[in-house]
Amino acid sequence: MNRPIDHMQLTMAPMEGITRYIFRNAHAAVFGGFDRYYTPFLSPNLHHHFRHRESDDINPANNAGLDVVPQILSNVPDDFLWAAEECADRGYTEVNLNLGCPAGTVAKKGKASGMLLDLDRLQAFLDSVFAYSPLPVSIKTRLGWADPAEFDAILALYEQYPVKELIVHARVREEYYKGYAHRDAYLRAAAKTTLPIGYNGDIFAPADADSLAQEAPQTTQIMIGRGILADPALPRKIRGGGPMRSEELREYYSRIRDGYCAVMTNDTHILYKLKELWIYLLPLFPEEKKLTKALKKSKTLAEFDQIVPLLIEALPEQR
Ligand SMILES: Cc1cc2nc3c(=O)[nH]c(=O)nc-3n(C[C@H](O)[C@H](O)[C@H](O)COP(=O)(O)O)c2cc1C
């Protein structure tokens with residue numbers, strides 16, 4: 001029997017510091033289940049060159065076989081258009097505009113979610129972007145700055161443009177990632193908008209995705225972020241596949257670890273990145289209090305490398 005979710009794309013959310021190409025490739029090789037991947041934001045500056053990690057992330061050789069959409073964070077039309085041109089030159093077919101990042105360093109400068117505070121300025125920016133972008137532009141947005149009711153005016157503005165797809169992280173900026181996503185606000189927007197619309201926020205289990213798909217069958221994509229960090233098999237499970245097995249976790253993790261070691265030279269930085277990943281995975285091991293504590297306290301990569309295999313070995317059977 002066809003389910004509403006069978007008609008929707010499942011996409012990997014951009015997560016700065018985590019979901020760059022090494023992570024994307026490891027996840028795709030071991031678990032799969034995603035139709036499309038969004039890069040963490042590229043932040044073009046006025047000098048018009050990408051940082052190394054940004055150009056590596058959109059290097060087509062690092063993304064072979066994956067449907068990848070580069071995300072751009074900028075409030076300067078010229079800079080956005082330069083980055084979009086660079087993406088077009090590399091063969092990408094769409095770019096995504098970040099209107100959601102809540103970080104003070106970004107938002108307080110009137111970028112990303114900060115653009116939702118001044119709709120006249122946002123309109124001027126979108127006028128240029130949609131007039132001159134060499135590629136179709138999708139938008140990832142929050143509902144507003146402080147109150148979900150702001151989204152009525154924001155959505156009306158987006159509807160003036162040929163937005164390729166509007167992906168809504170159903171929180172306002174002041175909520176950062178706390179509390180629950182406002183699904184109700186998303187459902188209201190999905191019911192009335194003329195734009196292709198996708199959902200993002202708090203999809204942690206197949207039932208979360210199924211219920212969303214049933215409540216808003218017009219949804220074009222369901223984007224998942226922290227849910228796959230906590231359970232990398234989640235997209236596969238949503239598609240009817242099986243739960244994660246410990247040998248898969250081992251393979252997935254070793255691809256990520258080896259990938260970082262191949263491109264980073266400082267063990268402390270590698271440790272920091274791997275720890276960040278494991279903070280999301282640790283709830284899989286509720287009984288392993290000692291190992292969990294040791295992993296969190298580990299100070300060197302060598303120490304960390306001794307603990308991880310013990311944890312993976314101890315992975316309880318997943319559902
Ligand atoms: C560590 C971290 C980094 C993130 N980086 C980005 C980013 O670069 N671009 C973006 O649009 N959203 C970013 N987000 C937001 C996620 O894409 C997503 O909207 C958010 O986590 C809510 O979805 P979830 O409940 O499925 O995690 C980030 C979130 C986290 C936790």
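Counting starts at 1 for both ligands and their atoms, in listed order. If you're wondering where the values come from, they're calculated on a predicted model, not measured in any experiment. All values below were derived from every heavy atom in this structure, side-chain atoms included, with hydrogens, water molecules and symmetry-related copies excluded.
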How far is atom 3 (C) of ligand 1 from its nearest protein heavy atom, and which residue and atom is that? E16 N, 3.2 Å

Any idea which of H169, M223, R171, M15 brings a heavy atom closest to atom 4 (C) of ligand 1? M15

Looking at atom 18 (C) of ligand 1, what's its closest protein heavy atom, distance included? N200 OD1, 3.3 Å

Tell me, please: is G201 in heavy-atom contact with ligand 1, that is, under 4.0 Å? yes

Go through ligand 1 atom by atom and flag the ones less than 4.0 Å from a non-hydrogen atom of P40. 8 (O)

Taking the basic N atoms (NZ, or NE/NH1/NH2) and the acidic carboxylate oxygens, is any pair closer than 4.0 Å for E159 and K192? no

N/O to N/O below 3.5 Å, does that happen between E276 and ligand 1? no

Counting non-hydrogen protein atoms only, what is the nearest one to atom 26 (O) of ligand 1? Give residue, atom name and distance. G225 N, 2.8 Å

Quick one: do the R24 and N63 side chains pair a donor with an acceptor below 3.5 Å? yes

Answer yes if the side chains of E313 and S246 hold a donor-acceptor pair under 3.5 Å, and no otherwise. no

Regarding D202 and R171, does a basic nitrogen lie under 4.0 Å from an acidic carboxylate oxygen? yes

Could you check whether atom NZ of K293 has more than 12 heavy atoms from other residues, nucleotides or ligands sitting under 6.0 Å from it? no

Below 3.5 angstrom, do we get any N/O pair linking R226 and ligand 1? yes

Where do R142 and V172 come nearest, in terms of heavy atoms and distance? NH1-O, 3.1 Å

Looking only at distances, please establish whether an N/O atom of ligand 1 is found under 3.5 Å from an N/O atom of I18. no

Going by distance only, is there an N or O of Y280 that falls short of 3.5 Å from an N or O of ligand 1? no

For D202, counting its heavy atoms only, list the atoms of ligand 1 lying under 4.0 Å from any of them. 24 (P), 25 (O), 26 (O)

Tell me the protein heavy atom at minimum distance from atom 9 (N) of ligand 1, and give that distance in Å. Q71 OE1, 2.8 Å

Using a 4.0 Å cut-off to any heavy atom of K140, which atoms of ligand 1 qualify? 10 (C), 11 (O), 12 (N), 15 (C), 16 (C), 17 (O), 18 (C), 19 (O)

Is it possible for you to say whether F80 and L42 belong to one hydrophobic cluster, with membership spreading through side-chain heavy-atom contacts below 4.5 Å? yes

Under 4.5 Å between side-chain heavy atoms, counting indirect links through other Ile/Leu/Val/Met/Phe/Trp/Tyr residues: same cluster for V137 and F41 or not? no

Is there a path of hydrophobic side-chain contacts, each under 4.5 Å between heavy atoms of I, L, V, M, F, W or Y residues, that connects Y38 with F50? no

Quick one: look at Y177 and ligand 1, take heavy-atom pairs under 4.0 Å, and tell me if it's side chain, backbone, both or neither. side chain

Please report which non-hydrogen protein atom sits nearest to atom 7 (C) of ligand 1, along with the residue it belongs to and the distance in Å to one decimal place. P14 O, 3.6 Å

Picking from T39, D57, N98, what satisfies side-chain hydrogen bond (donor to acceptor under 3.5 Å, both in side chains) with Q71? N98

Which ligand 1 atoms, with their elements, are less than 4.0 angstrom from a heavy-atom of A13? 17 (O)

